[in-house]
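This report concerns only the one structure given below.
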Amino acid sequence: GLLEPGAVLTSHNRRWTAKVRADGTLATADFRGSIHQAGAHVQGLPACNGWQFWCFDAGGGRLQPIDLLRERLRGELN
């Protein structure tokens, strides 16, 4: 629930974007898969840490990695 389906994530360098799908995967212009798979695909790399690669708009055009949301959720569960 921290990222709604349809939310757009941006790479840390603002070069690529992906849309959050209802099942939690990401969709780019030509790929659908996990945050890690999508990050690797757009960069043409064999692997990617999607938690650090994909970012959300934290307001005022400031990008924050989605790993921040994961840490926040972990803190709430403990």
Side-chain angles (χ1 to χ4, degrees):
L2 297 176
L3 292 171
E4 296 295 322
V8 175
L9 301 179
T10 305
S11 61
H12 58 282
N13 61 5
R14 300 181 189 269
R15 183 171 177 187
W16 296 286
T17 61
K19 191 175 283 192
V20 177
R21 298 182 50 189
D23 64 1
T25 61
L26 297 184
T28 67
D30 63 347
F31 185 84
R32 290 183 179 154
S34 73
I35 59 172
H36 312 294
Q37 293 167 335
H41 175 78
V42 297
Q43 296 177 92
L45 297 174
C48 171
N49 179 345
W51 294 110
Q52 291 296 321
F53 181 77
W54 295 110
C55 299
F56 66 98
D57 184 344
R62 257 182 337 116
L63 294 179
Q64 293 289 327
I66 61 173
D67 194 37
L68 183 68
L69 298 176
R70 180 174 70 156
E71 289 174 16
R72 199 177 297 163
L73 182 61
R74 283 180 174 170
E76 291 174 8
L77 295 176
N78 290 329

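Note that the numbering runs from 1 along the sequence shown for the chain.
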Legend entry - Sequence neighbours excluded, every pair satisfying salt bridge (Lys or Arg N to Asp or Glu O under 4.0 Å) that has a member inside residues 22-34: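 Listed once each, the pairs would be none.
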Legend entry - Residue pairs involving residues 40-68 (criterion salt bridge (Lys or Arg N to Asp or Glu O under 4.0 Å); sequence neighbours excluded):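 Non-adjacent pairs meeting salt bridge (Lys or Arg N to Asp or Glu O under 4.0 Å): Asp67-Arg70.
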Legend entry - Nearest heavy atoms of Gly33 and Gln37, plus distance in Å: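 What the structure gives for the nearest pair is CA-OE1, 3.4 Å.
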Legend entry - Within one Ile-Leu-Val-Met-Phe-Trp-Tyr cluster: Leu69 and Val8, side-chain cutoff 4.5 Å: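 No; tracing contacts between hydrophobic side chains, which count when under 4.5 Å, never links both residues.
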My understanding is that only residues two or more places apart in sequence, or in another chain, count here; which of them pass side-chain contact (heavy atoms from CB on, under 4.5 Å) with [X]?
X	answer
Leu63	Thr10, Arg14, Cys55
Ala38	Leu26, Thr28, Phe31, Trp54
Asn49	His36, Trp51, Gln52

Inset, instruction - To the nearest 0.5 Å, tell me how far Leu9 CG sits from Leu3 CG. - result: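 CG of Leu3 is found 5.5 Å from CG of Leu9.
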Inset, instruction - With sequence neighbours left out, write down each residue that passes side-chain hydrogen bond (donor to acceptor under 3.5 Å, both in side chains) with Arg21, or none if nothing qualifies. - result: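 Partners of Arg21 by the side-chain hydrogen bond (donor to acceptor under 3.5 Å, both in side chains) criterion come out as none, since no residue qualifies.
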